[in-house]
There are 2 protein chains.
Amino acid sequence: MPRTVTERADVLPALSEVFREHGFEGASLALIGQRTGLGKGSLYHFFPGGKEEMAAAVLAEIDGWFGQHVFRPLREDDPQRAMPEMIRSVGAYFRSGGRVCLVGVFALGDVRDRFSAAIRSYFAAWIEALAQALVRAGRDDAVARDRAEEAVAAIQGALVLARALDDADAFRRSLARIEARLLA
Amino acid sequence: MPRTVTERADVLPALSEVFREHGFEGASLALIGQRTGLGKGSLYHFFPGGKEEMAAAVLAEIDGWFGQHVFRPLREDDPQRAMPEMIRSVGAYFRSGGRVCLVGVFALGDVRDRFSAAIRSYFAAWIEALAQALVRAGRDDAVARDRAEEAVAAIQGALVLARALDDADAFRRSLARIEARLLA
DNA sequence: GTCTATACAGTGATAGAC
DNA sequence: GTCTATCACTGTATAGAC
C-alpha cells in the first residue's frame, strides 16, 4: 500500500532532523529513507538533484522560518520587545541546546563551499536584522553592528559548548548573558 | 622504495588536518592515505583500531597542546599576561578563523558520543583554567566562572561565524571583543 | 507517486608478500 | 614497516514495474 505524500514540504521536517543529527555526509539515503518513510524512488521523485537538492531545500526552509519568526520582528517590531523575543524563540528552536544549528554545522564542514551562498546570507541577514533593532534602540551604527555580530556568534558558540558539555543549562546561561548584553 | 616513519606522532599533524577539514565521516582512508603519504597497511600498523584510534590520537594531541600552551599558563602565570597571551595563541592556532576547532566540530556531529569524554574534558579544562586566571585577577568565583564560560563559547562561535561569512576579520574582531571583556 | 531491483564506485578493514 | 590485493559492505543514483 503506497502512501501518498503530495507535498514535498511534508518531508522537510524529517529531512532537516536527519541532516542536523548526522551532517551532510553522515545522512545516508538509507537513513533518510527510514526517517522520512519514503523509498529512494519517491525521494528522487521529489528531489531529482539527490542529497544536494534535499539539503538545499532544508536550508531554504530554515531561512524562511528565521526570516519570518526572527529577522522580520527584529527589523519591524519594537526592539525592546523583539530582542527578548528573539532569545526566547531561539531557545525554543534549538531546544535549549539539544538541537544544533544546521547552518552552523554546514559552515564548519567541507560542504560549506557547496552551500556558501545560503550559509552566508543566513548569518548576514541575522546580524543585519539584529543591528537594525539595536540602532532603533538607540545605539550608534558601528556599536550596533558590533554587538549584533557578537550576539549571533555567541549563540553559535553556546550551541557548541552545550553539546560538548552535554549541558542544557550552559545554553540557557549563555542566552541569558546574550540578552543582558543586548539590552544593557 | 618504502619510506620509514618510525614515529606514530609524525603523522598526527597531517591526520589532524584531514579530520579538521572533512570531519570524521568525511575523512576517508583513501584521503588519509594521500595526506599522510602512508598506505593503509602502514596506517593500520600504527593505528590498529582504525579511524577511531586515529581520531582519538588526534584529540589527545590537541588536548596536550592546549594543556601546555593555553591551560597551564592560565593556571600558573600572571593572569594579566596569560589572558592576552591566550587570545594571541588562539588566534595563531586557528589561523584567524581559517582553521576550525576539531573538538568543536566533533561536538556538533554524531561522533560526539564516541568521543564524549575527550570533548567534555577539553572544554571543561579550558573553562576551569580561564576561571582560575580570572579569580587570580580579582574576580569573584561565580563571576569568573561565568566570564570564562562566555569567553570559551565566544571563541567557538567566532570560528563558526568566520567560516560562515568567510571573513577572517570577523574572527579577529571577535577575539578583540573577548579580550576586552576578560580584562575589563 | 511509490516501490523493488540493480549498477557500480567507494567504504573501512584484513591478509600476506617483501 | 610498507606495500598491494582483496574482502564484504554501504554509498549514491538510476531504471522500470505497478
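Just so it is clear: chains get the letters A, B, ... in the order the sequence lines come, proteins before strands, and each one is counted from 1. Note: hydrogens, waters and symmetry copies are ignored here, and every other heavy atom, side chains too, is used. Note that the structure is predicted; figures quoted are calculated from it, not measured.
- Each of A:Ala30 and A:Pro48 lies near DNA chain D, and the nucleotide nearest A:Ala30 is the one positioned closer to the 5' end.
- The CG-P distance, from B:Leu29 to D:dC3, rounds to 14 Å in whole Å.
- Atom NE2 of A:His45 is separated from atom C1' of C:dT4 by 17 Å (rounded to the nearest Å).
- Rounded to an integer number of Å, the gap from B:Phe47 CZ to D:dT2 C1' is 15 Å.
- Look at CG on A:Leu43: it is 13 Å from P on D:dT14, rounded to the nearest Å.
- Between B:Glu150 and A:Arg181 a salt bridge is recorded (basic side-chain N to carboxylate O distance below 4.0 Å).
- Distance B:Glu53 CD to C:dA13 P: 11 Å, rounded to the nearest Å.
- C:dC3 atom C1' lies 12 Å from atom NZ of A:Lys40, rounded to whole Å.
- A:Ser42 comes within contact range of at least one nucleobase, with a heavy-atom separation under 4.0 Å.
- The CG-P distance, from A:Leu31 to D:dT10, rounds to 13 Å in whole Å.
- Checking side-chain atoms of B:Ser42 against main-chain N and O of B:Leu38 turns up no donor-acceptor pair under 3.5 Å.
- Rounding to the nearest 0.5 Å places CE of A:Met83 at 12.0 Å from CG of A:Asp77.
- Judged as a side-chain contact (heavy atoms from CB on, under 4.5 Å), and not counting sequence neighbours, B:Pro13 has no contacts.
- Taking only side-chain atoms of B:Leu38, from C-beta outward, the nucleotide of C:dA13, C:dT2, D:dT2 with the closest atom is D:dT2.
- Across all strands shown, B:Gly41 has heavy atoms under 4.0 Å from base atoms, whether or not it also approaches the sugar-phosphate.
- B:Lys51 places its NZ atom 8 Å from the P atom of C:dA13, with the value rounded to the nearest Å.
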